[in-house]
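Reviewing the structure listed below.
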There are 2 protein chains.
Amino acid sequence: MTTPAQGLHTHVLDTLGLEIAAGDCPPGRVLRTDELARRFDVSRTVVREVIRVLESMHLVESRRRVGVTVRPTEEWNVYDPQVIRWRLAGSDRPRQLRSLTVLRSAVEPVAAGLAARNATAEHCAALTECALGMVATSRGQQLEGYLRHDIAFHRIVLNASGNEMFARLGDVVAEVLAGRTHHQVMFEDPDPAAVTLHVRLAEAVREGDAEGAERLTKEIAVGALHELDVLAP
Amino acid sequence: MTTPAQGLHTHVLDTLGLEIAAGDCPPGRVLRTDELARRFDVSRTVVREVIRVLESMHLVESRRRVGVTVRPTEEWNVYDPQVIRWRLAGSDRPRQLRSLTVLRSAVEPVAAGLAARNATAEHCAALTECALGMVATSRGQQLEGYLRHDIAFHRIVLNASGNEMFARLGDVVAEVLAGRTHHQVMFEDPDPAAVTLHVRLAEAVREGDAEGAERLTKEIAVGALHELDVLAP
DNA sequence: GCCTCTTGAATAAGTCGTATGTAATGCGTT
DNA sequence: AACGCATTACATACGACTTATTCAAGAGGC
């Protein structure tokens, strides 16, 4: 493993989190603190701090006399960006991407509608800039550049909605888009229809057309879901 | 104060979390570990574990030589049920309830549509039972009983959707419903229209009517938002 | 004889105090 | 202005003690 380990705590936490998220430690498995201390060659102090964090994410439960038991998946705090990252790195990434994309399809249309009502001039300017960037990078194997603009675009919409809960999903969407781009075959250029929809969405938001923005975002989401259907198991 | 303190760690964590969420420690304020240790009369070990947890929630940031600084609200992990509970206990509960209810209005209709497609017989049975319970407790100042059924109802819909991200919002919805019931004046019985909508929603799910379920859930959400408009500042 | 309740020992996490390492800040010197 | 040293507060470590929980053995009742 030999991670550069910018901090012992971070290293142990990341390793354990990844293992649990990947299912290497199935629910019910018990870990012992001193065992972990020996395994990672750190003090029990560090291990206990890591356990406390994993406990706050509901990934494990620590009980006296019995040890640290891994909790069933249904109890995890799956909205924690850290947990999402760990799970997307694991084996059931396709299933994970699917449930996250369904979440997007529910949230983003409503957020776009609100954005059309609440967006500031700065939001609109940034949005059109991103849309133009997506157009510019939509051809010729510039998927990384396209991804950057795509992430920024959706983040702006979520922020412009004015709703804090939506805004905080920006990181989740970013993980989904990045995971999708990097996971699937990267031969093809992005769907031209999607690019057009983004441009039109930026226009709708600028013009304050809430219903249009919501509808266009729904179309984008449907496209993303369809793409997953075609390319994922 | 004077918590029974089922665990030193829990007590310190809860107290600090509440204070930060309530804004008693504004963003930028620095806390010192040994200062906290003295204040709570616990060892620095306990304080450090608490800090690590708060750090994993992005409520604070710990840097050497400078101390533990409270992070701005926009960076908090606002989907962590613990954070939600702390914030709902604080002063800007109305604003918080509003943004959470908007989130519900985006997510629950889609979840209900999926539930209509995916619900098992057990789900449907439990759902109608909850709906009947809501009807039975909808009159005569039985708000606590009504709340219990209401929470169970929405949790079942979210679970029946088959989408993990939706299912994990059950706790959030429960907090919102509980917060709404306990915060506002509890004189009046619940809105009869809402009760009817829930009954019809249970029917729609049982009959596999996805569009109907989605539409009915939207109506429930609109009603909840309207109620907030009327009763909140 | 079998079942139940009590009691006690073993175990592993919880807590604490202290010692040492380490990085960032601030001040003073050149 | 730039460099370097001292200070500071967190990071890590270790070991001893405490406490809660579990499991099992034994006492008692049926």
Side-chain angles (χ1 to χ4, degrees), chain A residues 1-17 19-20 25-72 75-76 82, chain B residues 1-17 19-20 25-72 75-76 82:
Chain A
M1 284 288 107
T2 71
T3 324
Q6 147 252 338
L8 285 181
H9 176 84
T10 310
H11 172 236
V12 177
L13 180 63
D14 250 46
T15 309
L16 272 182
E19 285 185 11
I20 294 174
C25 301
R29 160 79 78 57
V30 288
L31 310 167
R32 242 62 72 94
T33 51
D34 51 356
E35 188 179 296
L36 293 171
R38 264 181 288 119
R39 172 181 160 197
F40 288 103
D41 194 34
V42 296
S43 72
R44 261 184 64 220
T45 313
V46 173
V47 172
R48 297 194 75 267
E49 287 168 9
V50 169
I51 295 299
R52 280 264 138 88
V53 171
L54 292 175
E55 206 174 12
S56 85
M57 296 168 172
H58 282 72
L59 264 62
V60 302
E61 187 180 10
S62 175
R63 283 172 58 200
R64 273 176 160 149
R65 159 74 206 190
V66 61
V68 178
T69 65
V70 179
R71 302 179 76 155
E75 298 177 8
W76 296 355
Q82 179 89 86
Chain B
M1 283 299 153
T2 72
T3 324
Q6 147 253 339
L8 284 181
H9 175 85
T10 309
H11 173 235
V12 176
L13 180 62
D14 249 45
T15 309
L16 272 182
E19 286 185 8
I20 295 173
C25 302
R29 158 81 79 58
V30 288
L31 310 168
R32 242 62 72 93
T33 52
D34 51 355
E35 188 179 299
L36 293 172
R38 265 180 290 120
R39 172 182 159 194
F40 288 103
D41 194 33
V42 295
S43 74
R44 275 179 47 236
T45 311
V46 174
V47 173
R48 298 195 71 267
E49 288 169 9
V50 169
I51 296 299
R52 279 264 136 89
V53 172
L54 292 175
E55 205 173 14
S56 84
M57 296 169 173
H58 282 73
L59 289 180
V60 302
E61 186 181 12
S62 176
R63 283 173 58 201
R64 276 174 157 147
R65 160 71 204 189
V66 63
V68 178
T69 65
V70 179
R71 302 178 76 156
E75 299 178 8
W76 297 353
Q82 178 88 87

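Proteins come first, then strands; the chains are lettered A, B, ... in the order of their sequence lines, and each starts at number 1. Nothing here was measured: the structure is a model prediction, and the numbers come from that model.
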Do the non-hydrogen side-chain atoms of B:Val66 and B:Arg63 ever get within less than 4.5 Å of each other? yes
Just how far, in rounded Å, is [atom2] of [N] from [atom1] of [X]?
X       : N      : atom1 : atom2 : result
A:Glu61 : C:dA13 : CD    : C1'   : 13 Å
B:Leu8  : C:dG17 : CG    : P     : 11 Å
A:Glu35 : C:dA12 : CD    : C1'   : 12 Å
A:Glu49 : D:dA13 : CD    : P     : 10 Å
B:Leu36 : C:dC16 : CG    : P     : 14 Å
B:Arg48 : C:dC16 : CZ    : C1'   : 14 Å
B:Leu54 : D:dC10 : CG    : P     : 14 Å
B:Ile51 : D:dT12 : CD1   : P     : 14 Å

With heavy atoms under 4.0 Å as the rule, sort [X] into base, sugar-phosphate or nothing.
X       : result
A:Arg44 : base
B:Arg32 : sugar-phosphate
B:Ser62 : sugar-phosphate
A:Thr33 : sugar-phosphate

Test applied, side-chain contact (heavy atoms from CB on, under 4.5 Å); reference residue, A:Arg39; option that passes from A:Thr15, A:Val12, A:Leu31, A:Val47: A:Thr15
Among the nucleotides D:dA13, C:dG14, D:dC10, which one has an atom lying closest to any side-chain atom of B:Arg64? D:dC10
Taking all atoms of both residues into account, what is the closest heavy-atom pair of B:Pro26 and B:Val70, and its distance? O-CB, 3.7 Å
For B:His58 and B:Trp76, the nearest pair of non-hydrogen atoms, with its separation, is O-CD1, 3.2 Å
Assign each of A:Arg63 and B:Val68 to its nearest nucleotide of DNA chain D by heavy atoms, then name whichever residue's nucleotide is nearer the 5' end. B:Val68
Is A:Arg65 close enough to C:dA10 that one of its side-chain N or O atoms is under 4.0 Å from OP1 or OP2 there? no
Output the distance between atom CG (B:Leu54) and atom CD (B:Glu49), rounded to the nearest 0.5 Å. 12.0 Å
Between A:Gly67 and A:Thr45, whichever has its closest DNA chain C nucleotide further toward 5' is A:Gly67
